[in-house]
Number of protein chains: 2
Amino acid sequence: MEEILDQTDLRLLRLLASDAKITTKDLAARVNLSPSPVFERVKRLEAGGFIKGYIALIDPEKLNYGLIVFCNIKLKHHDKSIGHQFVTDIMRLDEVVECYNISGDYDFLLKVYAKDMKHYQDFVFNKLGSVTSIGSTHSTFVMCENKNTYNINF
Amino acid sequence: MEEILDQTDLRLLRLLASDAKITTKDLAARVNLSPSPVFERVKRLEAGGFIKGYIALIDPEKLNYGLIVFCNIKLKHHDKSIGHQFVTDIMRLDEVVECYNISGDYDFLLKVYAKDMKHYQDFVFNKLGSVTSIGSTHSTFVMCENKNTYNINF
DNA sequence: CTTGAAAAATGGAGGGT
DNA sequence: ACCCTCCATTTTTCAAG
């Protein structure tokens, strides 16, 4: 697999990044090629890992998940097994949509979706509360999501 | 538009949330229906705003964007026009993929993708540096992305 | 919801520059 | 190596019941 992308490949990635449902035919028209080479290029981009997958974006608010919280977490100790156990425990929690190991005062940053403050309180007390590797937490509440592109802008 | 979803609708949303390319035929098999009603349900979910769109997930690392930074921002002043100007300015920056108005010590939280530390430094000095509404910033660097589901888990 | 059928897209064969 | 033009197969899409 040759890992060099030309400008056409990049344009295809940008088009697919904003609309996974665009047809090969339309893609072809946008990059001034016929469908066949475009089809092959897209397959190459998929096989090469440039495209990790195609997903539908679901509106959380429509499903009554209106609250986004960034939850900073400090572990009790910093050995490898505790960190691994924490990640394993966190992976199971549906409310947690993202988890990052971070620099700074805290060890992990979670992005959490909750229905409301009551739900979030329940999440912190009952779910995070039973993750024994956690030392302390600090929650930052989102008042407004101003921008989310879901992909890098390259 | 009836805003009540049954279990079949929820299953369709979950299936599409993880794979936008699944065919109506396969969807139908998964929910034990024929393609036609599934097709109609999906159109209803799209029209009703439950599905906001379909996107390809691009691997940032493959495009040499290996650095994720959460950048906390404090504004100089807190009037409406300054906040609005800040959001407008931030929307233009390609490196910023997400922007949230948050509670706590800082006013905004940005998720930023950069090629490397040098690129991020340039972003902070040259791009954020020219956004005059910014008072101060605090950067948190991601060492490892442990989880990202890209959607709520409902 | 089902059947059924027209319109469109996919995915590949074969050939050209 | 890359692209094109067909074309069979599959899928989408929308009637009518």
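Both backbone and side-chain heavy atoms feed into the values below; hydrogens, waters and symmetry mates do not. To find a chain, count down the sequence lines: A is the first, B the second, and so on, and within it residues start at 1.
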Chemist: Provide, to the nearest angstrom, the distance between the CG atom belonging to A:D26 and the P atom belonging to C:dA9.
Modeler: 7 Å

Chemist: Below 4.0 angstrom, N of the basic side chain to O of the carboxylate: do B:K111 and A:E98 qualify?
Modeler: yes

Chemist: Rounded to the nearest angstrom, tell me the gap between atom CZ in A:R41 and atom C1' in D:dC2.
Modeler: 8 Å

Chemist: Rounded to the nearest Å, what distance is computed from the CG atom of residue A:L33 to the C1' atom of nucleotide D:dC2?
Modeler: 10 Å

Chemist: Want to settle it: does B:P35 or A:K25 sit nearer the 5' end of DNA chain C, counting the closest nucleotide to each?
Modeler: B:P35

Chemist: Can you confirm if the aromatic rings of B:F70 and B:F141 lie within a centre distance of less than 6.0 Å?
Modeler: no

Chemist: Whole angstroms only, please: what is the CZ-C1' distance between A:R44 and C:dG12?
Modeler: 16 Å

Chemist: Counting distance only, does the side-chain N/O of B:N72 pair as donor-acceptor with the main-chain N or O of B:L109 below 3.5 Å?
Modeler: no

Chemist: Find the distance A:E40:CD to D:dC2:P and express it as a whole number of Å.
Modeler: 10 Å

Chemist: Checking A:F86 now: which residues fulfil ring-ring contact (aromatic ring centres under 6.0 Å, His included) with it, not counting sequence neighbours?
Modeler: A:F108

Chemist: Under 3.5 Å, is there any donor-acceptor pair linking the side chain of B:S36 to the base of D:dT13?
Modeler: no

Chemist: Which of these, B:D89, B:L128, B:D107, sits in a side-chain contact (heavy atoms from CB on, under 4.5 Å) with B:I134?
Modeler: B:L128

Chemist: For B:D9 and C:dC1, what is the distance between atoms CG and C1' respectively, to the nearest whole Å?
Modeler: 14 Å

Chemist: Between P on D:dT12 and CZ on B:F39, what's the gap in Å once rounded to a whole number?
Modeler: 9 Å

Chemist: Rounded to the Å, how far apart are A:N32 CG and D:dC4 P?
Modeler: 10 Å

Chemist: Between A:N151 and B:I58, is there a donor-acceptor pair closer than 3.5 Å when you use the side chain of the first and the backbone of the second?
Modeler: yes

Chemist: Using a 4.0 Å cut-off on heavy atoms, which residues in residues 12-24 of chain A reach DNA chain D? List them by number, or say none.
Modeler: none

Chemist: Mark yes or no for whether A:R14, through its side chain, and A:F154, through its backbone, hold a donor-acceptor pair below 3.5 Å.
Modeler: yes

Chemist: Of the listed nucleotides (D:dT13, C:dG11, D:dC4), which one gets closest to any side-chain atom of B:K43?
Modeler: D:dT13

